[in-house]
Amino acid sequence: MTDLLSSPRLVGDGPAVAHAPDWTWLPDPVDAPTADDLARARREAEQILAEHGVTYGADLPDGHGRWRLDPLPVVVDETEWAALDAALVQRAELLDAVLHDLYGPRRLLDDRLLPPTAVLAHPGFLRAVDGLRTPGGRELVLTATDLVRDAGGDWCAVADRTQAPSGAGYAMEDRRVTAQVLAGVYRQAPIARLGPFFHALRRALRDVAPRTASDDPRIVLLSPGPGSETAFDQAYLASMLGLPLVEGRDLLVRDGRVHLEGIDGLEPVDVVLRRVDAEWCDPLDLRAGSRLGVPGLVRAVRGGAVSVVNPLGASVLESPALLTYLPRLARAVLDQDLALPSPPTWWCGEERSLRHVLAHLDRLVLKPTAHGADLATVPGWTLSSAERDELAARIRAEPWAWVGQEPVGRHTPGGVGTDRPDADGVGPADLGPRAAVLRTYAVAHAGTYAVMAGGLARVADSAVVSSAHGAVAKDVWVLAAQPASVPDVPAREDAVAAPGRAVGAGISPRSAENLYWMGRYAERAEGEARVLRAVADRWDDYHRSPGSAGGRALAVLLQALTPAALPDGTAADGGSGLAAPVPVLRDLLVDRATPGSVARAVHRLAAAAAAVRDQLSTDVFGPLARVERALRDERGRHRPRPDQALDLGAAPAAVEAAAVTAGLRPTLDHVLTGMLALSGVAAEGLTRDVGWHLLDAGRRIERAQNLVDMLAATLVVRHPADVEDLLLESVLLASESAITYRRRHQSSPTVAHVLDLLVHDRTNPRSLAFQLDRLLADLEAVPAPWRSAGQRDHLLHGVAELVAELDTVAVGAVVADDGRRVRLAEALDSMLWRLRAASDEIERVHFVRPAASRALDDLWGSTNEHDGRDDDAPPGGAA
C-alpha cells in the first residue's frame with residue numbers, strides 16, 4: 001500500500017518512487033497490521049466517528065455529513081520532521097513579519113518587494129483595521145500550511161491558511177480514534193503527542209489579552225453557527241480549550257467593550273478566537289448586513305478593549321500571489337533563504353507573468369487569488385479548447401485576480417498517477433490515492449512558533465483534495481525517540497481565580513434555548529415512540545377482530561393517539577372492518593417530513609445538540625447516533641404502498657402489514673433504548689449548572705403537556721368497561737407506568753386509580769405532579785434578569801393547584817349525556833392551556849434577547865451567511 005505523505009522508502013528500481021508505511025520501527029515488526037487488521041480498523045473507526053457525532057458539511061437527507069477516516073496513519077520519521085518543523089517556524093515568522101508590515105509601514109510595498117496591486121486589490125486587505133496591533137508581540141497567532149510531496153519526495157507548501165485555520169480539532173479526534181482502533185500498534189509506537197500544541201494555543205490566547213484584562217482573561221470562540229461545514233471542529237476545539245462557543249448574536253459591544261450576553265447578565269470578553277471570516281465580523285465597519293459578526297467589534301479592537309485571533313485582515317496572506325514573492329521576502333525580511341519552497345507561481349498582475357500563464361494554460365493550474373462562490377482552482381489540462389479560451393478571456397479581464405502554478409504531487413498533466421484503490425482501500429492492488437495533502441499548524445509561543453507534531457492529512461481519489469468532495473482523513477504519526485509524556489488535552493492554567501462564581505460560568509440565551517429544546521425533543525421522541533409501540537402492539541393483537549373489545553379499543557387509540565395515521569382523520573367503523581394504516585404508522589416512526597414523527601423529533605434533537613456541542617459530554621452523541629442509525633436502517637427496509645387496502649378481508653395485505661409492524665417493534669425498541677441512554681447521560685454525566693436545569697426543564701414541560709394531552713384524548717369519553725380496560729392499559733404502557741400499577745392494584749385498571757398514579761403520585765417519575773415539582777425546581781435555579789418570572793411561575797402554580805384539587809373518583813364518575821366526563825375534560829383543558837402558556841413564558845423570560853440586538857436584526861434582515869469553510873486544498877497539491 002502506498003502512502004504519498006509518509007517518510008519515503010524507495011521501492012523498486014528506476015525513476016518511479018513509491019512511498020509506503022515502513023513498520024520496521026516497531027519493536028516487533030510482526031505486530032504490523034495486516035490488510036485484514038486495517039479493514040477491521042476502518043469499520044470500527046466509522047462506527048466510533050458516528051457515535052462521537054463527528055460530522056463535516058451540511059445536513060444530508062439521512063443525517064449529518066460523515067467525517068471519513070482511514071486509520072492507516074501517515075508516518076514521518078523524526079529526522080525528516082525536525083527539518084520540516086524548522087521550515088514551518090521560519091515560514092510562520094516570515095508571514096507574521098509581512099502581516100505586521102502590510103498593516104503598518106508598508107515598506108515591502110514601497111520597496112516593490114511586493115506589488116502594491118497584489119495586496120491592496122485583494123479583498124482580504126481590510127482598510128478598516130489598518131494600523132491596529134495585537135498584544136503579545138505576534139500579529140499572526142495561529143497559522144496552517146498545506147503541504148504535498150513533489151516528484152522527488154520533498155515537501156512543498158501549496159497554500160497558507162491565516163484567515164481562521166480549521167482542522168486542528170479533527171486532527172485530535174482522528175488521533176483518538178486511530179489510537180483506539182489500532183491500539184496494539186499505537187501502544188508500541190514512539191509517537192510525538194499533539195497535546196503540547198493545544199497547551200501552547202491556550203497560552204497564546206491568554207498572552208494576546210489586552211492590558212485591561214484580568215489575570216484570568218475571558219476568551220471565547222466565535223463560530224458562524226451549527227450550519228458551518230466545520231461546526232464539529234469548532235465545537236471540539238472549544239471544548240478542548242475550555243472556551244465558550246459563541247455566535248455573533250451572543251456578543252454585544254457596549255461602552256467600547258465586547259460582552260457575552262449570558263442569561264443572567266453581561267460578561268466582558270477579552271479575546272475572541274474567530275472562525276468567522278473577517279469581512280463578516282462587523283456589519284458596521286466591514287460587510288454591511290452580516291448577521292454572523294458583532295456590530296462594533298472593530299471599534300472595540302481599535303480601542304484596545306478586545307483582541308481578535310487571528311487579527312482581522314490576516315486573510316490577505318492567503319493570496320497565492322504571495323507565493324511568487326516569498327523567496328525574496330525571506331531574504332529581505334529574515335536575511336535567510338526560504339526553507340520550504342512552493343511550486344513555481346506566476347501572478348498574472350505582472351505583464352510578463354500574464355503572457356507566460358496564457359501561453360501555458362494547458363499545463364498549469366489556474367488559481368483565483370481570492371475565494372469566491374464562482375471562483376475555483378482549475379487544472380488547465382482538463383479543459384477543452386473552448387473552455388481554455390473562455391478562461392483566458394476571464395484572466396485578461398482581471399489579471400490581478402489570477403495566478404498560474406506549476407503542478408506538483410501525483411496528479412499532473414499526461415496522466416501520471418491514474419491509479420485507483422480497491423473497494424476497501426487495502427490489498428495488493430491498491431497503489432494509493434491520486435492526491436494527498438498534509439495540513440500543518442503553528443501557534444505563537446515563547447517569542448517564536450510551536451508546530452503541532454503531526455497535523456491533518458487528507459487523501460482523495462480525485463483532482464481536488466477537499467473534505468467537501470469526499471476526501472478521507474488520516475492521522476499523522478511523527479516518530480520521536482522520547483515522546484513527551486503529556487496528555488493529549490490542554491491543562492488548565494495556574495492562575496487562581498477569585499473566590500465565588502467561576503469565570504465564564506454563564507451561557508448565552510442561544511445556548512440556553514437550544515438546551516431547553518434539546519430536552520423537549522428528547523422527551524418528544526421518547527414519548528412518541530412509546531405511543532407508537534402501544535398502538536402497534538394493540539394492532540398486532542386485535543386488527544383481525546374489529547368487532548371485539550380489543551378492536552374497538554384499537555380504533556379509539558388510533559383516533560386519539562395517532563390521528564395522522566388515519567387517511568380521513570376518523571376511526572373506521574369497528575363493526576364493518578378496521579382500517580389499519582400501517583404505512584402511515586411507519587411514517588410516524590421513520591419519516592422526518594411527517595409532522596409528529598419520531599424521526600422528526602430525533603432530527604431536531606440532533607440539531608439542537610449539535611448547536612451546543614461545547615456544553616455537552618461526548619457520551620451524549622453515541623446513543624443519539626445509534627438511534628439515527630436504527631431509523632435509517634428501518635427507512636431502508638421495504639415500505640408498504642400507501643394505497644394498500646388493509647382491512648380484514650384482504651388477507652395478503654394484512655399479512656404484509658403485520659410483517660411491517662413486526663419490523664417496527666425492534667426499531668422502536670432501539671429508539672427507546674437510545675433515548676433512555678441519553679437520559680442517563682444527562683442525569684449522571686452533566687454538571688447541574690444552568691444549562692442542565694434548562695435541559696431538564698424542557699423535558700419536564702414536554703412530558704407534562706404530552707401526558708395531559710394523552711389523558712384528555714383517551715379518558716374523557718367513557719367507553720364500555722371491556723374497551724375501557726384495554727384503553728387504560730394502553731395509557732399505562734405508553735406512560736411507562738403499567739408495572740407500577742400492577743404492583744399496587746390487583747384488579748383491572750380504573751379511571752380513578754390511573755389518574756391517581758399519573759396525575760397525583762409524586763413518587764412516580766412519569767406523573768404530572770412529579771413533572772411540576774421538578775420543573776419549578778429547575779426554573780428556580782435559572783436566573784431571569786430581564787423579565788419577571790412571576791407570570792411563568794403563577795401559571796405553573798395554577799396547574800399544581802388544579803392537580804391538588806382534582807378528585808379522581810368524582811371526575812371519573814361524573815358523565816354527561818353524551819358520554820363525556822365533563823369535569824375531567826374541564827380540569828385537563830385548564831391544565832393544558834396553562835402548561836402551554838407557561839412554556840411560552842419560559843421562552844419569553846429566558847431566551848428573548850435585549851431590544852438592541854433585536855433592533856439590529858430587524859434593521860438588516862436576512863443576509864447571505866458565509867461560514868468558516870474548510871478551504872479546498874489545491875488538486876494534488878498544486879494540481
Side-chain angles (χ1 to χ4, degrees), residues 520 523-524 526-528 530-531 534 556-557 560-561 696-719 721 724-779 792-816 819-839:
R520 292 201 66 166
E523 179 60 32
R524 188 171 300 178
E526 181 184 338
E528 289 168 353
R530 291 189 183 282
V531 166
V556 174
L557 286 173
L561 301 183
D696 193 62
R699 179 179 290 277
R700 301 305 159 187
I701 194 75
E702 183 74 21
R703 185 176 293 178
Q705 289 186 23
N706 291 345
L707 176 61
V708 174
D709 214 3
M710 180 169 60
L711 294 176
T714 55
L715 302 189
V716 164
V717 176
R718 188 176 68 175
H719 298 279
E724 195 148 84
D725 285 349
L726 291 170
L727 283 176
L728 291 172
E729 285 182 5
S730 299
V731 169
L732 290 169
L733 286 170
S735 303
E736 201 187 0
S737 298
I739 294 176
T740 302
Y741 187 92
R742 291 171 195 150
R743 286 203 312 264
R744 297 183 181 181
H745 305 282
Q746 301 298 316
S747 60
S748 299
T750 66
V751 171
H753 287 159
V754 169
L755 289 175
D756 278 331
L757 180 60
L758 296 183
V759 177
H760 283 157
D761 192 344
R762 281 185 158 78
T763 67
N764 180 12
R766 297 285 165 171
S767 76
L768 181 57
F770 186 94
Q771 311 316 312
L772 292 170
D773 290 345
R774 287 288 294 268
L775 181 56
L776 287 166
D778 284 330
L779 294 176
R792 174 201 71 189
D793 295 341
H794 174 72
L795 289 163
L796 293 175
H797 286 301
V799 179
E801 290 172 2
L802 288 170
V803 168
E805 294 169 359
L806 185 69
D807 185 334
T808 58
V809 175
V811 298
V814 177
V815 181
R820 297 178 73 251
R821 296 183 173 96
V822 179
R823 290 179 56 183
L824 177 60
E826 292 173 350
L828 293 175
D829 285 346
S830 296
M831 293 177 190
L832 190 57
W833 79 256
R834 284 177 171 83
L835 286 170
R836 289 173 175 166
S839 177

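Hydrogens, waters and symmetry mates are skipped; everything else that's a heavy atom, side chains included, is used. All residue numbers refer to positions in the sequence shown, counting from 1.
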What's the separation between atom [atom1] in [X] and atom [atom2] in [Y], rounded to the nearest 0.5 Å?
X      : Y      : atom1 : atom2 : value
Asp725 : Ser748 : CG    : OG    : 4.5 Å
Glu801 : Leu806 : CD    : CG    : 13.5 Å
Arg700 : Leu835 : CZ    : CG    : 14.0 Å
Arg792 : Leu779 : CZ    : CG    : 4.5 Å
Leu727 : Thr714 : CG    : OG1   : 7.0 Å
Leu768 : His760 : CG    : NE2   : 9.0 Å

[X] to [Y] - nearest heavy-atom pair and separation:
X      : Y      : answer
Leu557 : Ser730 : CD1-OG, 3.4 Å
Ala697 : Asp778 : N-OD2, 3.4 Å
Val803 : Val759 : CG1-O, 3.6 Å
Arg766 : Ser737 : CB-OG, 3.8 Å
Val799 : Leu772 : CG1-CD1, 3.7 Å
Val717 : Glu724 : O-OE2, 3.9 Å

Parallel, tilted or perpendicular: ring planes of His753 versus His745, cut at 30 and 60 degrees: parallel
Within-4.5 Å side-chain heavy-atom neighbours: [X] and [Y]:
X      : Y      : result
Trp833 : Val708 : no
Leu715 : Leu828 : no
Met710 : Leu758 : no
Glu526 : Arg699 : yes

Residues Glu523, Arg774: salt bridge by 4.0 Å N-O rule: no
Arg762 with Asp773: basic N within carboxylate O range, under 4.0 Å: yes
Side-chain donor-acceptor pair present, Arg520, Ser839, cut-off under 3.5 Å: yes
Side-chain (Arg821) to main-chain (Gly812) donor-acceptor, under 3.5 angstrom: yes
Donor-acceptor under 3.5 Å (Arg836 side chain, Leu832 main chain): no
Partner residues of Asp761 under the side chain to side chain contact (heavy atoms under 4.5 Å, CB included) criterion, sequence neighbours left out: Arg744, Leu757, Thr763, Asn764
Chi angles and distances behind the side-chain contact (heavy atoms from CB on, under 4.5 Å) call for Gln771, Leu707: CA-CA 10 Å; Gln771 311 316 312; Leu707 176 61; 5.7 Å; no
